[in-house]
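The structure appears right after this line, and notes come after that.
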Amino acid sequence: MDFSYSEEQTLLRNSVAKFLADHYDFESYKKISRSEAGWSRSVWKQFAELGLMAAPLPEEFGGLGGGAVDTMIIMEEFGRALVVEPFASTVVVGGGFLRHGGSAAQKEKWLSKIADGSTVMAFAFAEPEGRYNFADLTTTAKRNGSGYTLNGQKAVVLNAPHADVLIVSARTAGGRRDTKGVSVFLVDRNAKGVSTRDYPTIDGQRASEISFDNVDLPAEALLGTVDEGLGLIERVTDEAIAAHTAEAAGAMKVLLDTTVEYTKTRKQFGVPIGKFQVLQHRMVDMFIQAEQTTSMALMVTLKLDEGETERKKAASAAKVQLGKGGRFVGQQAVQLHGGMGMTDELNVGHYFKRLALLDTLYGNVDHHLKRYAALSD
Amino acid sequence: MDFSYSEEQTLLRNSVAKFLADHYDFESYKKISRSEAGWSRSVWKQFAELGLMAAPLPEEFGGLGGGAVDTMIIMEEFGRALVVEPFASTVVVGGGFLRHGGSAAQKEKWLSKIADGSTVMAFAFAEPEGRYNFADLTTTAKRNGSGYTLNGQKAVVLNAPHADVLIVSARTAGGRRDTKGVSVFLVDRNAKGVSTRDYPTIDGQRASEISFDNVDLPAEALLGTVDEGLGLIERVTDEAIAAHTAEAAGAMKVLLDTTVEYTKTRKQFGVPIGKFQVLQHRMVDMFIQAEQTTSMALMVTLKLDEGETERKKAASAAKVQLGKGGRFVGQQAVQLHGGMGMTDELNVGHYFKRLALLDTLYGNVDHHLKRYAALSD
Amino acid sequence: MDLSFSPEDEAFRREVHEFIANNYPERLKGKNRREFSEREDFLAWQKVLYKKGWVAPLWPKEYGGTGWSITQRYIFNEECARAETPQLLAFGLSMVGPVIYTFGNEAQKKRFLPGILSAEDWWCQGYSEPGSGSDLASLRTRAVREGDHYIVNGQKTWTTLAQYADWIFCLVRTDPNVKQQEGISFLLIDMKTPGITVKPIILMDGAHEVNEVFFDNVKVPAENLIGEENKGWTYAKFLLVNERSGIAGVARSKKQIERLKEIATSETVDGTPLIGTDEFARKIAELEIDLTALEFTELRTLAQEAKGKHAGPESSILKIKGTEVQQRITELTLEAVGYYAFPYARAFGDNEFPPGPDYAVGQSGTYFNMRKTSIYGGSNEIQRNIIAKAVLGL
Amino acid sequence: MDLSFSPEDEAFRREVHEFIANNYPERLKGKNRREFSEREDFLAWQKVLYKKGWVAPLWPKEYGGTGWSITQRYIFNEECARAETPQLLAFGLSMVGPVIYTFGNEAQKKRFLPGILSAEDWWCQGYSEPGSGSDLASLRTRAVREGDHYIVNGQKTWTTLAQYADWIFCLVRTDPNVKQQEGISFLLIDMKTPGITVKPIILMDGAHEVNEVFFDNVKVPAENLIGEENKGWTYAKFLLVNERSGIAGVARSKKQIERLKEIATSETVDGTPLIGTDEFARKIAELEIDLTALEFTELRTLAQEAKGKHAGPESSILKIKGTEVQQRITELTLEAVGYYAFPYARAFGDNEFPPGPDYAVGQSGTYFNMRKTSIYGGSNEIQRNIIAKAVLGL
């Protein structure tokens with residue numbers, strides 16, 4: 001067991017933090033997230049130049065080999081800065097599908113493009129009625145010669161408006177919700193038959209409703225083994241959960257710091273409200289939640305390569321902590337800021353909203369408690 | 001709608017409160033509950049002389065006709081004083097079975113005995129593996145001529161050591177857990193084949209493990225309709241839940257008052273600890289729980305004669321509030337008393353333990369949440 | 001002690017029910033509060049009730065109240081909530097109105113009460129200031145007497161719907177040289193007076209609900225002073241307690257839970273309705289049980305009031321539990337709608353349908369917005385301070 | 001960053017495992033802590049570990065520590081918890097021992113450390129007094145220097161297992177005329193000294209665990225003073241922080257959750273194991289998840305310590321969450337056993353079997369008893385004060 005960061009990892013954290021401090025303060029975030037595009041391609045390029053997309057990816061495909069710990073470091077800093085650029089969906093999810101499911105040719109083709117920032121990916125898994133079950137699919141991919149024909153609807157696909165490539169889950173066999181018969185495909189967002197409806201999300205990101213209408217997919221669009229995609233999806237989304245737990249920990253720390261600072265200066269009844277014991281203990285509980293979430297980010301990151309059950313339990317445990325902790329920290333940050341915490345002007349509400357979204361993404365607390373309990377039998 | 005007490009009800013509350021203040025302080029409670037018998041027959045007689053047993057019972061059978069509201073008033077005061085005498089099991093449960101299930105002859109015979117304090121009853125329903133399901137029975141009563149033969153085991157029968165008569169649930173038909181086939185019997189505790197093992201409970205009461213070994217029951221031992229006892233049991237225990245909710249409200253109020261008093265006098269860091277805002281808010285939350293429990297006692301008491309579903313929902317709702325509120329108030333009363341709250345010497349721990357027992361009696365929070373949810377479908 | 005309704009009560013219920021069914025304004029049908037955009041949206045229902053004489057059940061009969069019993073008020077609230085009629089704005093009817101008929105002079109009663117009832121005058125509340133939130137008495141807006149006028153300078157904030165208001169009732173400092181509470185006066189100010197500027201504050205859900213209101217040498221006739229100069233704190237406190245007592249919102253919350261249950265019936269988990277899952281069913285059950293307890297706590301309070309005991313500090317419990325229940329409902333609704341909580345509803349135009357089922361639209365916004373309820377009207381922390389001091393004597 | 005165990009670590013785990021299997025004292029087999037009644041019950045396991053040299057993993061090697069890495073300590077704790085070995089009493093090993101080797105003189109180290117390790121000397125803690133609980137510095141037990149002795153008068157309370165103790169370490173007031181914290185000294189007192197009386201306090205579960213200790217003109221050699229006179233507060237605080245760091249009890253709680261799961265597998269609801277019901281499974285899952293987070297928070301703290309950073313005020317988090325988890329385990333266990341939580345286990349003689357399954361016996365007592373954990377060692381409220389002040393700077 002070893003819990004210390006390597007010199008490279010410390011350097012990485014410092015360089016991400018410095019870049020964001022210089023180029024991604026709260027005003028920049030607001031400007032970017034409210035721009036027509038909803039993200040900044042120039043920031044994205046600079047991330048690439050800093051080597052952030054390359055950092056966690058394997059060295060043989062243009063990466064720097066830093067793995068999940070590097071992802072954790074980057075995502076915690078991104079969480080602190082409310083970054084809206086599609087790092088998680090491209091590098092963690094897209095990169096993850098390729099690393100775990102890609103053929104040599106697919107890896108060759110795509111991973112270097114991810115690493116150098118020239119490709120953006122989004123993961124289209126949710127469906128209007130599928131909730132958090134990755135196998136609850138009505139989207140189908142039917143054999144068509146050597147390739148497939150894709151039909152269906154995907155809901156609330158985060159980052160899709162920025163994406164060049166969509167990773168799409170579809171049923172290739174079996175009935176709705178069967179665990180077997182799920183497959184994963186790489187789909188060009190501009191392919192014929194793909195239509196999207198783009199919109200902003202509550203937390204300043206962008207998402208799309210996507211329909212696939214007889215979209216022709218070549219054989220090489222398939223990621224991993226046909227019909228066996230569910231395990232691959234779970235593995236990759238568990239990795240994404242690890243990344244988002246770090247992101248949430250970063251967001252919680254900012255909320256804690258902001259709240260502590262605010263209560264030190266805001267006076268009521270002649271004293272800074274931070275002198276009131278009830279508020280002090282509330283902030284201590286926020287601190288505890290932020291620390292526990294940081295611990296969980298570390299825990300799940302270090303357990304991603306353990307056995308399947310261990311990994312799944314770790315991810316579900318982290319997601320439960322993220323959800324509960326994020327809700328508590330977010331709500332209390334608003335409460336302790338009083339009316340100011342309710343405004344669009346302050347950063348507090350924005351972090352609160354990001355945490356609310358992360359609470360739901362890839363399954364909420366109830367979903368993951370159930371998953372965890374089922375794995376413990 | 002009318003929420004005011006009648007003059008008689010106000011008089012009743014005053015007379016119970018005065019009697020207990022004069023004869024049932026904390027020292028008396030300790031003495032009585034630690035005596036060999038575990039209750040005071042002389043106090044019991046005085047209750048009868050005050051008309052407490054008669055108060056809620058129907059007038060035609062020696063009662064005063066006060067109904068459930070009188071029970072609520074008496075039980076809240078009993079809760080304040082930690083009374084261990086078997087009022088609930090005799091008057092509320094025993095009386096309830098007779099009122100709702102008794103034949104004219106049974107009512108005639110027993111209700112006047114309850115009203116004048118000459119009979120004590122206990123309800124033997126739980127079994128070692130039955131948990132909170134009244135129909136989960138292995139005790140059987142087999143037809144035997146015009147009567148029945150009773151065999152089986154009952155667990156943790158509260159007040160049984162003081163009882164003259166046991167009310168026993170047994171299976172007369174159907175399989176374990178079938179809702180049909182449950183019957184209820186009046187059994188003489190000294191009947192041949194009844195053996196008991198008596199012991200003290202954590203909260204200063206007494207209970208017994210009881211075995212029935214070929215106990216002969218005459219036809220008139222049956223309460224209500226054969227095989228249809230489950231509805232009767234639910235009705236009577238819902239009434240008991242109403243009574244115990246009032247009891248719990250009384251106990252919570254004492255814990256609140258005691259804690260408020262203690263924190264006003266106990267000094268730390270040079271000030272009474274009641275000046276610390278965190279403890280103040282904790283006590284406010286205790287206050288809220290005590291008030292909400294009082295409200296629920298009233299609510300369920302007034303809904304006992306509504307339709308079955310309404311009554312059941314009301315009882316389950318009250319029991320959930322009792323359980324959650326009692327746990328919170330009990331734990332915080334101990335916490336705010338610090339080390340002193342942990343001791344046997346102070347009354348705090350005793351109320352805490354009584355509330356813990358009431359939390360479980362007739363089903364805990366989980367059980368009643370489920371029952372409530374099922375009734376809401 | 002009795003929970004049942006008399007035949008008269010039942011008849012009253014039918015009357016209310018039918019009245020609502022026959023008189024609900026066309027323009028509001030199918031709209032919910034979040035879609036109100038014009039001034040008239042907020043007032044349409046009040047005008048209907050005004051005509052019927054049902055607009056102010058809590059007012060004394062002599063000033064336009066209904067003279068209903070607690071039971072009738074209970075029934076009226078239930079029927080309104082069931083029909084999802086919009087809640088009447090509190091600022092005139094529940095706040096300044098009672099202050100005027102309790103502490104105002106005859107001229108003021110005559111001048112202002114009719115306009116409050118008829119909704120001709122839209123009122124807003126000038127209590128909070130940037131420097132004084134929970135510590136209301138530290139307010140700094142100054143009013144200086146000059147002849148038969150006051151000259152008001154300063155700033156109010158969090159002023160709900162000030163953008164539509166005709167009048168604002170203000171706490172102002174008339175004597176800066178005494179103890180904070182003793183130098184405050186209660187002033188009614190015409191929003192059209194020169195020198196008043198209203199600036200919107202956008203909330204985190206994107207709503208323009210609250211405003212800043214600036215006063216720059218605003219000239220207010222001295223006859224608009226309520227009661228005595230420098231006694232405003234007494235009236236302010238009266239108003240706050242009055243506000244708390246209506247805040248439990250039991251009937252509304254019941255209806256909201258019904259809606260939540262409908263949503264949880266439509267939403268499915270692996271093919272079963274969400275409401276059929278153990279965990280969600282239990283969460284709803286807990287919420288309903290909490291609300292039941294609150295309902296009876298409120299009924300007990302009302303019964304005390306009916307005996308002539310004015311709602312005291314105990315009523316803070318209604319604010320605390322009422323808002324906790326309201327917030328919890330929005331939290332569970334957010335959970336229920338799953339991923340369709342993500343789209344930002346305000347980004348869609350009036351004629352665009354946001355993605356996802358209708359019932360999901362705007363639910364996340366409601367959740368974010370409702371966080372305000374534990375902050376406003378005296379934060380829930382302040383309410384606990386009140387109970388600790390005034391009820392528990394700590 | 002790495003969670004895996006090296007082959008050396010795995011070998012160490014096997015060694016510990018086998019050592020426990022081969023050396024666990026006969027007299028303790030099948031007993032649990034609640035059944036310990038004799039002095040020797042508490043000491044038997046410590047004596048075994050002492051012989052092996054494993055009794056004080058946290059001590060520096062020079063004083064008898066093991067020199068283990070964090071990983072080895074982690075493994076050792078896990079194996080001990082798995083085998084349900086009794087926890088060693090903290091008063092000597094975790095409390096006064098570190099104070100002596102850190103602040104004591106050579107003679108004191110030589111005199112006292114061996115007896116602490118070998119369990120020859122049983123120590124108890126003289127901190128709390130009737131008037132001073134959380135406000136420790138207000139203590140009033142007086143020690144007056146007379147020649148080469150102190151004369152001690154006063155009273156300590158909540159003194160755990162003082163009935164068995166050979167020695168007590170005491171905070172005493174040596175200068176009443178300065179600021180509270182500046183007049184306190186740290187004194188070691190032989191419990192056999194004339195003038196000491198021990199009086200039991202019975203807790204609400206019926207246990208005799210704690211005591212009052214009275215000092216009536218007790219003569220204590222001045223050589224038993226630790227460090228400097230009037231500097232005792234420094235040592236006292238050192239000890240409190242040291243105590244906090246071991247208090248998370250992660251490995252023990254893991255084992256307790258295992259036990260709880262066994263119970264919840266035996267108990268049935270309508271024929272299904274309790275653990276198979278959604279609600280109970282979820283409660284256990286929540287508890288395990290909380291414990292996992294705590295485990296990694298502790299590991300992060302230990303990693304900091306390994307780099308030479310002494311456990312700071314952050315370690316209060318371990319006390320808070322550790323005791324919350326411990327209490328929650330007993331709460332769920334109480335729930336699990338149902339009606340068989342009611343019998344009062346202490347009412348049954350040594351050779352009587354209380355009613356109900358074995359695993360249910362005494363569980364309610366444990367639940368009641370464990371309420372103490374959020375009170376002692378600096379109440380959880382005090383721990384939050386510490387974090388607020390020292391970590392958040394409030």
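A, B, ... follow the sequence lines: proteins, then strands. Residue 1 opens every chain.
Each of I202(C), L136(C), V210(C) has some count of heavy-atom pairs under 4.5 Å with chain A, and the biggest count is that of I202(C). Across P355(C), P354(C), A347(C), G338(C), the residue that shares the most heavy-atom pairs under 4.5 angstrom with chain A is P355(C). Listed options F276(A), F352(A), F269(A) were ranked by heavy-atom pairs under 4.5 angstrom with chain C; first place goes to F269(A). Between chain A and the options G271(C), A345(C), P357(C), the largest number of non-hydrogen pairs under 4.5 Å is found for G271(C).
Interface remark: A207(A) contributes no atoms to any contact with chain C (heavy atom separation under 4.5 Å). Of the atoms belonging to L346(A), not a single heavy atom falls under 4.5 Å from chain C.
The shortest heavy-atom contact between F342(C) and L361(A) is CZ-N, 4.1 Å.
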Just list the donor-acceptor pairs under 3.5 angstrom between chain C and chain A, please.
residue, atom, partner, partner atom, Å
P130(C), O, R266(A), NH1, 2.7
G131(C), O, Q268(A), NE2, 3.1
G133(C), N, Q268(A), OE1, 3.2
S134(C), N, Q268(A), OE1, 2.6
D135(C), N, Q268(A), OE1, 2.7
D135(C), OD2, F269(A), N, 2.4
I202(C), O, D344(A), N, 2.8
M204(C), N, M342(A), O, 2.7
M204(C), O, K353(A), NZ, 2.6
E267(C), OE1, R131(A), NH1, 2.9
D270(C), O, R177(A), NE, 3.4
D270(C), OD1, N133(A), ND2, 2.8
E279(C), OE1, K370(A), NZ, 3.2
E279(C), OE2, K370(A), NZ, 3.4
K283(C), NZ, D366(A), OD1, 3.3
K283(C), NZ, D366(A), OD2, 2.8
E331(C), OE1, Q331(A), NE2, 3.0
E331(C), OE2, R327(A), NH1, 2.7
E335(C), O, R131(A), NH2, 2.7
E335(C), OE2, R327(A), NH1, 3.1
E335(C), OE2, R327(A), NH2, 3.1
A336(C), O, R131(A), NH1, 2.9
A336(C), O, R131(A), NH2, 3.1
Y339(C), OH, Y362(A), N, 2.9
Y340(C), OH, E209(A), OE1, 2.5
F342(C), O, I202(A), N, 2.8
Y344(C), N, P200(A), O, 3.0
F353(C), O, R197(A), NH1, 2.8
F353(C), O, R197(A), NH2, 2.7
Y367(C), OH, Q331(A), NE2, 2.9
S374(C), O, Q335(A), NE2, 2.9
S374(C), OG, Q335(A), OE1, 2.6
E381(C), OE1, Q335(A), NE2, 2.9
E381(C), OE2, R282(A), NH1, 2.9
E381(C), OE2, R282(A), NH2, 3.0

